[in-house]
Protein chains: 4
Amino acid sequence: MSPRSSAQFEEMREEKKALIMNTALEHFSDYGFHATTISHIAKHAGISKGLMYNYFKSKEELLAAIINRSLDEIYRSFNPDRDSTLTPDEFENFIRRIFAIFRENRQFWKLIYRVMLQRGVYEHLSDDPDATFTVGGIPLMEYSAYMAKLMSDYFIRKKETEGPDFDPVTEMLMFSNTLKGFALTYIFAPGQYPDEYFEKMVETLIRKYR
Amino acid sequence: MSPRSSAQFEEMREEKKALIMNTALEHFSDYGFHATTISHIAKHAGISKGLMYNYFKSKEELLAAIINRSLDEIYRSFNPDRDSTLTPDEFENFIRRIFAIFRENRQFWKLIYRVMLQRGVYEHLSDDPDATFTVGGIPLMEYSAYMAKLMSDYFIRKKETEGPDFDPVTEMLMFSNTLKGFALTYIFAPGQYPDEYFEKMVETLIRKYR
Amino acid sequence: MSPRSSAQFEEMREEKKALIMNTALEHFSDYGFHATTISHIAKHAGISKGLMYNYFKSKEELLAAIINRSLDEIYRSFNPDRDSTLTPDEFENFIRRIFAIFRENRQFWKLIYRVMLQRGVYEHLSDDPDATFTVGGIPLMEYSAYMAKLMSDYFIRKKETEGPDFDPVTEMLMFSNTLKGFALTYIFAPGQYPDEYFEKMVETLIRKYR
Amino acid sequence: MSPRSSAQFEEMREEKKALIMNTALEHFSDYGFHATTISHIAKHAGISKGLMYNYFKSKEELLAAIINRSLDEIYRSFNPDRDSTLTPDEFENFIRRIFAIFRENRQFWKLIYRVMLQRGVYEHLSDDPDATFTVGGIPLMEYSAYMAKLMSDYFIRKKETEGPDFDPVTEMLMFSNTLKGFALTYIFAPGQYPDEYFEKMVETLIRKYR
DNA sequence: GATGAATGAGTATTCATTCAT
DNA sequence: CATGAATGAATACTCATTCAT
């Protein structure tokens with residue numbers, strides 16, 4: 001009986017961890033953080049309650065881990081050209097990617113909307129230095145600011161082609177609000193968006209704001 | 001010496017009830033339903049825990065009472081012309097009223113967003129026949145459907161003046177998503193909307209969708 | 001406005017007191033002591049909760065007052081010839097009176113069976129010197145002992161006429177157990193005793209034990 | 001090191017469960033259901049309050065479990081010859097077994113008398129389909145009816161040998177009331193029944209009603 | 001690593017009792 | 001005398017977390 005290599009152990013650990021996180025994501029996003037119990041997660045993941053604490057220090061840390069993992073996934077699938085400005089084609093692509101991400105990670109977005117809107121959960125997480133969210137290694141706040149700047153610059157540059165009546169700030173707010181509103185509806189009531197209208201929303205946003 | 005008159009008692013009751021509801025609204029909307037404890041509400045209202053139960057049968061009923069009270073307030077301030085179609089002027093007025101309501105009842109909208117996004121709370125309330133929400137006496141669901149129809153008809157009629165390229169469904173979705181997205185941001189991060197941009201959003205929405 | 005005479009006041013007090021006690025007896029005997037709330041009693045009696053405390057120091061004292069009142073009623077209706085021995089006719093009459101009392105005070109007997117069987121209630125009452133039960137001014141314990149002696153003597157004397165095989169202690173136990181068992185059933189499931197069998201029980205007991 | 005086997009866990013569970021049930025039986029039967037608190041049970045069993053809920057869903061379920069366990073114990077020790085009629089010998093044996101059961105399960109009978117006499121507890125239990133009592137798998141009501149029929153038939157058959165003056169219904173009532181009355185006294189005041197009189201009661205009942 | 005029994009602080013809720021009017 | 005708003009201690013029950021095995 002040769003002992004398993006540490007790589008094998010590591011792999012097993014990662015698998016278990018992923019199992020727990022996936023199960024927890026489902027429950028947190030469907031029932032909310034408070035209404036989800038560790039017992040439920042454990043039962044649905046087919047493990048014991050105690051085992052969870054082998055992988056995560058607390059319920060809060062489990063949540064933070066889930067959020068960070070998804071942020072990274074999104075970041076990787078996004079992969080914007082940092083340190084540069086957005087061309088109209090890149091902007092169009094950006095919109096398409098955003099919508100694709102909504103579609104592919106609906107569970108996660110549900111979690112974000114539910115959890116981020118809950119002072120008490122979010123703030124508790126924010127207080128804990130170990131629980132700061134990062135996107136591709138960058139603190140979420142910083143990353144968000146960067147993305148906002150990218151957007152903002154794009155709309156400011158647009159003013160040059162659209163003329164003096166074009167108010168870049170208002171336009172950007174219109175754009176981002178539409179996006180947020182769509183996300184909200186699509187995530188919580190996807191039935192309202194059959195594929196046809198989903199696509200139309202994408203094309204309309206591109207037509208109006210590119 | 002002489003005992004309080006029943007009118008005096010009634011007045012005391014109404015005042016206390018309002019105090020409890022206001023305190024609870026603040027807590028529910030800031031921390032969410034589950035994270036808010038009766039103890040916290042009582043402490044902040046300066047009353048004993050038990051007293052709350054003299055006025056509300058349960059935490060759930062307290063929440064329902066708060067929601068219904070605000071729905072009625074909104075309804076009264078809204079006072080739409082039922083059973084009619086919307087003229088462009090009325091539509092414009094509708095938008096202005098909506099934004100005014102966002103501004104005046106921010107705390108309540110926070111509650112709505114938080115609670116509605118928490119499966120388990122909302123559904124529990126819906127199960128309880130005593131807890132059905134009403135707007136001016138009309139069940140909320142019915143009222144919502146009516147408002148949606150009013151909107152929908154407006155956009156369909158717009159097609160006549162806007163020409164064949166105008167897709168009423170997509171336009172309405174764009175409009176309502178922008179509204180939702182704005183509400184979300186304004187409610188949870190009002191700092192992003194100084195008065196200047198708040199007004200600009202109103203005017204832009206009117207200009208684009210009227 | 002001449003003030004009411006103190007006799008009038010006293011009469012009013014007594015009426016209110018009786019109202020409260022009657023209402024409470026009904027509730028205590030039907031639902032038990034713990035399950036009955038002061039609020040329920042007050043509501044059913046049509047008075048305020050506070051008023052009860054004008055007449056009785058506590059819930060326990062209210063119970064004790066009810067029990068004592070009924071004990072006295074029973075005593076008066078009983079009126080046995082103290083300080084004497086029982087003749088067979090008196091014994092027969094005693095049986096008839098007992099059954100009549102069961103019939104007339106069923107509510108009270110229900111209370112007795114429920115409360116007396118509840119250590120915690122009864123013992124609490126016994127601890128309180130003000131709450132000792134009395135029958136016609138005599139402490140209940142003393143009165144019970146006296147009655148037991150009367151019975152006992154009766155059965156002992158019976159031995160003389162019944163012969164040496166007659167065991168007075170066993171006979172008395174048989175007799176008193178039958179009485180208790182009948183009371184228990186009659187009080188909690190009176191439907192099992194239509195008038196016909198009620199009478200037959202009386203006659204049979206007399207025939208067998210007189 | 002190695003985790004406990006599931007058999008080990010099962011054994012631990014059964015032991016703890018029995019400990020809790022025994023402790024609770026003692027408290028319920030001595031103080032009544034309402035007056036007994038989970039805290040008291042836990043303290044006397046030497047466990048935490050929470051642990052009880054690992055084994056029983058509620059206080060009511062705990063009570064139901066205790067009652068059912070005892071009913072089964074009694075049933076097994078009883079083992080009457082179902083589907084047959086009672087011979088005098090069997091009837092005599094039946095009486096002896098009943099008395100033996102009173103003696104062996106006094107705590108349980110105390111519970112039965114207290115709980116059954118507490119409207120609100122018993123009825124609550126009856127409402128809950130999961131809490132229906134069963135005796136050897138047979139619903140209690142059905143079992144009771146069967147036993148009553150067995151008795152009834154016995155007394156009816158007795159009429160043939162006892163002559164026309166024998167009233168089977170009255171005789172059966174006398175018999176069952178004596179039994180109930182004895183049980184009541186023996187259970188709540190066993191001091192009144194030294195072994196000598198206990199035995200005499202048995203023999204007398206047999207002599208009189210066999 | 002894995003288990004689940006055990007803990008205890010916390011939660012909603014009830015209710016006898018008090019007291020200002 | 002009468003009221004009912006107000007209190008607070010007590011109760012059943014929950015659940016994140018710990019720990020012996």
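In what follows, every chain begins at residue 1, and chains take the letters A, B, ... in the order their sequences are listed.
Listed by chain and number, the residues in a side chain to side chain contact (heavy atoms under 4.5 Å, CB included) with B:Y53 are B:I38 (sequence neighbours excluded). Residues forming a side chain to side chain contact (heavy atoms under 4.5 Å, CB included) with D:E10 (at least two apart in sequence, or on another chain): D:R13, D:E14. D:R69 meets the side-chain hydrogen bond (donor to acceptor under 3.5 Å, both in side chains) test with D:N22; sequence neighbours excluded. For B:Q107, the side chain to side chain contact (heavy atoms under 4.5 Å, CB included) test picks out B:L25, B:E26, B:S29, B:D30, B:K110, with sequence neighbours left out. Judged as a side chain to side chain contact (heavy atoms under 4.5 Å, CB included), and not counting sequence neighbours, the contacts of C:S58 are C:E60, C:E61.
The separation between D:N54 atom CG and E:dT3 atom C1' is 13 Å, rounded to whole Å. If you measure from atom NE2 of B:H34 to atom C1' of F:dT14, you get 12 Å, rounded to the nearest angstrom.
D:R13 has a side-chain polar atom (N or O) that falls below the 4.0 Å cut-off from OP1 or OP2 of E:dA5. Residue A:K49 has no polar side-chain atom (N or O) positioned under 4.0 Å from OP1 or OP2 of E:dA5. Applying the 4.0 Å criterion to OP1 and OP2 of E:dA6, one finds that D:Y53 has every side-chain N and O outside that range. D:K59 has no side-chain polar atom (N or O) that falls below the 4.0 Å cut-off from OP1 or OP2 of F:dC13.
Nearest-nucleotide assignment on DNA chain F puts the 5′-proximal partner with C:Y55, out of D:L51 and C:Y55. The residue among D:M52 and C:T36 whose nearest nucleotide of DNA chain E is located toward the 5' end is D:M52.
If you check every strand for non-hydrogen atoms under 4.0 Å, C:F56 touches nothing. Within 4.0 Å (heavy atoms only), D:S6 reaches no atom of the nucleic acid at all.
Of all nucleotides listed (F:dA12, E:dC15, E:dA12), E:dC15 comes nearest to the side chain of C:T37.
DNA chain E forms stems at E:2-21 with F:2-21, each a run of 3 or more consecutive Watson-Crick or G-U wobble pairs whose two key distances fall under 3.5 Å.
Less than 4.0 Å separates DNA chain E from at least one heavy atom of each of the following residues of residues 38-48 of chain B: B:I38.
Annotation: C:E11, atom CD; neighbour count of heavy atoms from other residues, nucleotides and ligands within 6.0 Å does not exceed 12.
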For a quick test of your reading: what N or O donor-acceptor pairs under 3.5 Å do the side chains of residues 42-50 of chain C make, sequence neighbours left out?
residue, atom, partner, partner atom, Å
C:H44, ND1, C:H27, NE2, 3.4
C:H44, ND1, C:H40, O, 3.2
C:S48, OG, C:L51, N, 3.3

